[in-house]
Structures are given as C-alpha cells and as structure tokens.
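Worksheet: the structure to be examined is printed underneath.
Just so we're on the same page: letters track the sequence lines, and every chain starts at 1. Worth knowing before you read on, the calculation uses all heavy atoms, side chains too, and leaves out hydrogens, waters and symmetry mates.
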Amino acid sequence: MLDIKLIRNQTAQVQTALAKRGDYDLQPLLDLDAKQRQVEKQRSDLQAQSNEVGKLVGQKIRQGADPAGDDVKALRASGNEIKQTLSELEPHERELKANIEEILLTLPNLPDDSVPVGKSEAENVEIRRWGDELIAAGRSSLPTYETHYDLGERLGIMNFERAAKVAQSRFVTLIGAGAALERALISFMLERHVKAGYTEIMPPILVNSESMTGSGQLPKFAEDGFKCDRDDLWLTPTAEVPLTNLHRDEILTADQLPINYCAYTPCFRREAGSYGRDTRGLIRLHQFNKVEMYKFVHPNSSFDELEALTRDAEDVLQQLQLPYRVLALCTGDMGFGASKTYDLEVWLPSADKYREISSCSNCVDFQGRRANIRFKASGQKGTQYVHTLNGSGLAVGRTMAAILENYQQADGSVRVPDILQKYMGTETIGAPSSESP
RNA sequence: GGAGAGGUGGCAGAGUGGUCGAAUGCGCUCGACUUGAAAUCGAGUGUACCGAAAGGUACCGUGGGUUCGAAUCCCACCCUCUCCGCCA
C-alpha cells in the first residue's frame with residue numbers, strides 16, 4: 001500500500017512513478033482524501049463538545065443536582081442534539097475512509113528509480129550470466145535434448161496422466177527417484193539457507209483473507225487463488241503470504257532487524273489466464289513446491305539486502321551447476337508489490353532458452369504498511385514501517401526440470417548433481433538396469 | 001461438534017455507568033546515591049489521526065447498539081483455555 005501522505009504531498013512524483021506501470025488517475029483519491037479530512041475535523045470537534053456535555057452532567061449530578069431537574073435536562077437535550085449531527089457524520093466518514101482504503105489497496109508499488117522502464121518482459125534487462133561454458137559443453141556432448149517431461153515419464157519418475165485422474169490437469173505425481181529428487185532438493189536448499197543465516201519456518205499453508213491482503217494478493221488477485229469458501233481460508237500461492245503475516249500488527253525493535261526466514265511450502269495457483277501455456281511438464285502446475293527466502297529489514301539497508309538475497313538464490317544454482325542469467329525486471333513486468341525485482345532464469349536445453357526459476361523482490365514498505373509491521377528505534381520517537389523482501393530459493397519443480405534436462409546423458413539416464421548425491425544416495429537416475437511400475 | 005470459563009498497556013493484574021488511556025506490581029529508560037555494582041530513592045515509560053502550537057479525537061478481542069456519558073450494560077462475531085466427543 002502506498003502512503004496517502006506521500007500521494008497527498010508529492011502527487012506529481014507519485015503520478016509519474018505510477019505511470020511507468022500503467023494508467024492510474026489519483027484525482028478521485030485525492031478528492032476523497034480532502035473530503036474525509038474535512039469530515040473528520042468536523043466530527044472530532046463535535047465529539048469534543050459532546051464529551052464536554054457528558055462531563056458537565058456528571059459534575060452536576062455529583063454536586064447534588066437533581067438528575068431529572070431542568071439543568072440536567074437541558075444538558076441532556078444539547079447532548080442529544082450533538083449526537084444527532086454526529087450520527088449523520090459518522091457513517092459518512094466511515095464510508096469515505098473505506099473508499100480511500102479500497103483505492104489504496106489496488107494501487108501497485110512505486111518502481112525504484114533504478115528499475116528499467118518498459119511495457120513487457122521483452123524490455124527486461126540482462127544483468128549477468130553464469131555457466132555459459134556449461135551450456136557449450138552440453139551442446140557438444142549431446143546432439144539433441146529430451147524434454148524433462150518426456151524423460152521423466154520414460155524413466156517412470158513422474159506421471160501426469162494419473163495425477164490428472166486423481167486431481168486435474170496441471171498436477172504431477174512424482175515416483176521413486178523423482179519423489180526422492182524433489183525431497184533432496186528441498187533439503188539441500190533449506191540446509192543451504194539455514195547455514196547462510198536464515199531461520200527455517202514451517203508456516204500454515206492455509207491463510208485467511210487478512211493475510212492475503214497483507215502481502216498483496218487481495219483484493220486485486222482473488223481470481224488467482226484457491227479458496228476454501230466455508231472457512232475464509234486460502235491455499236497459499238507462495239510462502240511469502242504466511243511469512244509476511246507472521247509479524248502482522250507487530251512493532252519490532254530495531255535491533256531485531258534484519259529477520260531472515262526461509263520456508264519450504266507447497267504453493268497453489270489457479271493459473272487463470274494461462275490456458276494453453278506450458279501445458280506439459282513441471283513448469284506451470286496448480287500445485288508446486290517452493291523454498292522461499294524472506295527478509296524483514298531496516299529501510300536503510302533494503303536495497304543492499306536485495307543484492308544479498310539474489311546472490312543467495314544464485315548460489316543454489318551455482319552449487320547445482322545449472323547455467324542461469326539474472327534479469328532486472330522492467331516496470332511493466334514487475335509484480336504488484338515490488339519496488340525492484342531480479343528474476344533468475346535457468347537454462348533449459350530442450351527449449352534452447354532460459355526460464356524463470358526465481359524472483360527476488362524488494363517491496364520496501366509496501367507490505368509493511370498493508371500488514372502494519374513496524375519497528376521502533378531505541379531512543380527515537382514514533383515507529384517506522386519495516387521493509388520486506390522475498391525471493392524464491394528456488395522453485396523446486398522447475399529446478400528438477402532443469403536438472404533432468406541439463407544432466408541427461410547419452411544413454412538416456414540422468415546424472416545426479418554432485419551436491420545432491422549425498423541426499424539421494426545415488427549418482428544416477430534411470431541407470432539402464434532400473435525398472436519402474 | 002457439545003458444555004463451561006475468559007479476552008484490559010511489554011508482562012502480571014485491578015477496574016461492573018461519570019473526572020478511566022486506565023490503579024498497583026514487575027520490566028524498561030533517564031537521573032541521584034556508590035570507587036564500581038547491587039539495593040534504595042526520584043522522574044519517565046502505548047499506538048494512530050487532526051493541529052504551526054496549545055490542544056483535540058479515537059483505541060480496553062472485532063463490529064454494532066443502549067445512554068448526556070461505556071473498559072464497565074445489550075446483541076452478533078472472532079480468538080484462547082478447560083472438560084466431553086472425534087481424530088493424525
């Protein structure tokens with residue numbers, strides 16, 4: 001959520017920044033704001049009068065006045081009169097506030113000045129690449145690449161048809177080494193992040209609407225979520241939701257910051273509006289696993305923390321020896337709550353291109369304000385909103401896809417990345433002798 | 001799901017219609033005493049909005065209501081705890 005004071009006092013700057021992301025007219029909001037403040041002033045003045053009358057009545061009665069006498073009666077009448085006016089102002093003010101809130105909740109975050117301006121993903125800017133030589137080496141050793149889903153089904157480690165029978169399309173069942181590889185990846189990633197100073201969290205993965213609003217999924221993106229209607233509970237689309245809301249409505253102390261969390265959770269997305277895209281394989285599923293990193297930080301350090309967060313995600317890919325590149329997302333491609341985002345894209349040889357595998361964002365105070373998460377510096381007056389960051393570290397299913405494709409061998413088997421071998425207890429998946437049901 | 005109890009400031013805990021944003025204790029901050037510390041004593045110690053300031057307004061789980069006046073009375077909801085049932 002944007003700061004209404006900022007919108008009020010620096011309208012032109014906000015307008016310019018928002019224009020980089022789309023078409024937003026702030027005038028209706030400013031009109032409502034002015035009206036609301038005026039009504040609030042009226043109401044609070046009246047309230048003061050009313051309190052005065054109340055006090056007087058109390059005083060008189062305590063001094064022995066007849067509670068039914070004319071003196072008190074007159075006061076009661078004037079109290080009633082004030083109350084009459086108040087009863088008209090109050091709902092009006094409430095409505096104005098609700099309208100303002102409603103608009104504020106639908107405005108996206110302001111892009112940082114360093115974010116490239118652009119309309120679509122075509123205008124994202126490549127920042128760096130890692131592992132070009134691995135791509136070249138792969139190309140020279142294998143003439144063609146099997147897709148991860150053909151490979152997975154051939155080896156009997158994943159099954160889409162049966163998953164569709166059990167649930168729907170866009171689900172997968174992992175079998176044997178497939179399931180083990182997924183689990184190995186989760187363990188490896190979590191252990192890596194814990195070593196790097198993140199505290200492991202296992203949060204609820206059903207969350208209420210307030211939580212979905214706090215992190216920015218609601219009210220605008222209700223269509224993307226799976227909802228349990230009877231309970232006001234949603235299946236988390238990302239661990240970012242429960243992690244943000246862990247500290248909702250809290251006032252932290254400055255010395256608690258930064259707080260670094262990591263969490264493995266399943267994630268659930270309807271993928272509304274993506275019919276026909278990535279219909280096969282592990283790339284776009286309604287349910288997938290993700291290890292998420294999350295930071296609550298001091299406003300002064302959030303952009304440094306974004307660099308650190310991105311490096312943490314990159315380290316996972318480097319340890320897995322998977323080629324990738326880092327993109328700075330342009331204003332048109334960034335998520336709703338982000339002020340600046342780096343995407344990591346992993347190399348998928350069967351498609352001969354890079355695909356998103358991680359997204360690392362600095363939301364600055366956007367979620368802090370929505371979820372009311374503040375901190376207080378000792379000796380300082382007042383509170384400030386914390387800055388929050390989130391990053392995938394990594395999307396597990398997509399990592400599995402990248403491993404299967406990049407590590408496939410001429411004999412049709414897949415070599416297990418060195419770092420995962422101790423988790424898997426094996427060096428190869430689908431060795432010629434292996435059988436599957 | 002059934003029966004009962006309860007939700008007050010960082011914590012504990014008073015407060016059942018009026019001057020209560022809220023006693024008291026603990027904690028915390030600053031100061032005094034001390035070579036230093038402990039102990040003791042003194043002062044302070046919630047959040048947000050409006051206002052240049054003085055000051056005003058709101059908040060005692062949440063939302064409504066009664067009243068000149070609500071932490072206190074009424075209604076609804078949420079949450080927590082205990083017992084029973086069910087259950088990994």
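- Residues satisfying the side-chain contact (heavy atoms from CB on, under 4.5 Å) test with A/R76, not counting sequence neighbours, are A/V72.
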Show the distances under 3.5 angstrom between N or O atoms of the protein and N or O atoms of nucleotides 70-74 of chain B.
none

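- Comment: A/D312 engages A/R192 in a salt bridge, judged by a side-chain N to carboxylate O separation of less than 4.0 angstrom.
- In this entry the distance linking CG of A/L86 with C1' of B/U67 reads 14 Å, nearest Å.
- Residue-level contact check: A/K97 touches neither bases nor backbone, having no heavy atom under 4.0 Å from any strand.
- Remark: P of B/U47 and CD1 of A/I373 are 18 Å apart, rounded to the nearest angstrom.
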Considering only distance and modelled atom types, tabulate donor-acceptor pairs under 3.5 Å from the side chains of residues 44-57 of chain A, sequence neighbours left out.
{"from": "A/D45", "atom 1": "OD1", "to": "A/K41", "atom 2": "NZ", "distance (Å)": "3.3"}
{"from": "A/D45", "atom 1": "OD2", "to": "A/K41", "atom 2": "NZ", "distance (Å)": "3.4"}

Close N/O contacts between protein and nucleotides 54-57 of chain B (under 3.5 Å):
{"from": "B/U57", "atom 1": "OP1", "to": "A/N51", "atom 2": "ND2", "distance (Å)": "3.0"}
{"from": "B/U57", "atom 1": "O2'", "to": "A/R43", "atom 2": "NH2", "distance (Å)": "2.5"}

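- Atom NE2 of A/H92 is separated from atom CD of A/Q42 by 9.5 Å, given to the nearest 0.5 angstrom.
- Between A/F226 and A/H286, the ring center distance clears the sub-6.0 Å criterion.
- The separation between A/I82 atom CD1 and B/U67 atom P is 16 Å, rounded to whole Å.
- Atom CD1 of A/I4 and atom P of B/A48 are 18 Å apart (whole Å).
- A distance of about 45 Å separates the C1' atoms of B/A53 and B/G36, rounded to the whole Å.
- Between B/U47, B/U67, B/G51, one nucleotide has an atom nearer to the side chain of A/K376 than all others, and that is B/U47.
- An OP1 or OP2 oxygen of B/C49 is reached within less than 4.0 angstrom by no side-chain nitrogen or oxygen of A/R8.
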Pick out the pairs of N or O atoms, protein on one side and nucleotides 63-65 of chain B on the other, that lie under 3.5 Å.
{"from": "B/G64", "atom 1": "OP1", "to": "A/R94", "atom 2": "NH1", "distance (Å)": "3.3"}

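- Rounded to whole Å, the distance from CG on A/L252 to P on B/G46 is 19 Å.
- One interatomic measurement links the two molecules: CG of A/N372 to C1' of B/G46, which rounds to 14 Å at whole-angstrom precision.
- In RNA chain B, consecutive stretches of 3 or more Watson-Crick or G-U wobble pairs with both distances under 3.5 Å are given as paired ranges: B:1-7 with B:78-84, B:10-12 with B:24-26, B:27-32 with B:40-45, B:46-50 with B:55-59, B:61-65 with B:73-77.
- Rounded to whole Å, the distance from CD on A/E210 to C1' on B/C77 is 14 Å.
- A donor-acceptor contact under 3.5 angstrom links the side chains of A/T238 and A/K290, judged on distance only.
- As a whole-Å value, the separation of A/L46 CG from B/C50 P is 19 Å.
- Comparing the C1' positions of B/U62 and B/U8 gives an interatomic distance of 15 Å, to the nearest angstrom.
- Taking the side chain of A/K83 as heavy atoms from C-beta on, and the options B/G51, B/U67, B/A48, the nearest nucleotide is B/U67.
- Residue-level contact check: A/S78 touches neither bases nor backbone, having no heavy atom under 4.0 Å from any strand.
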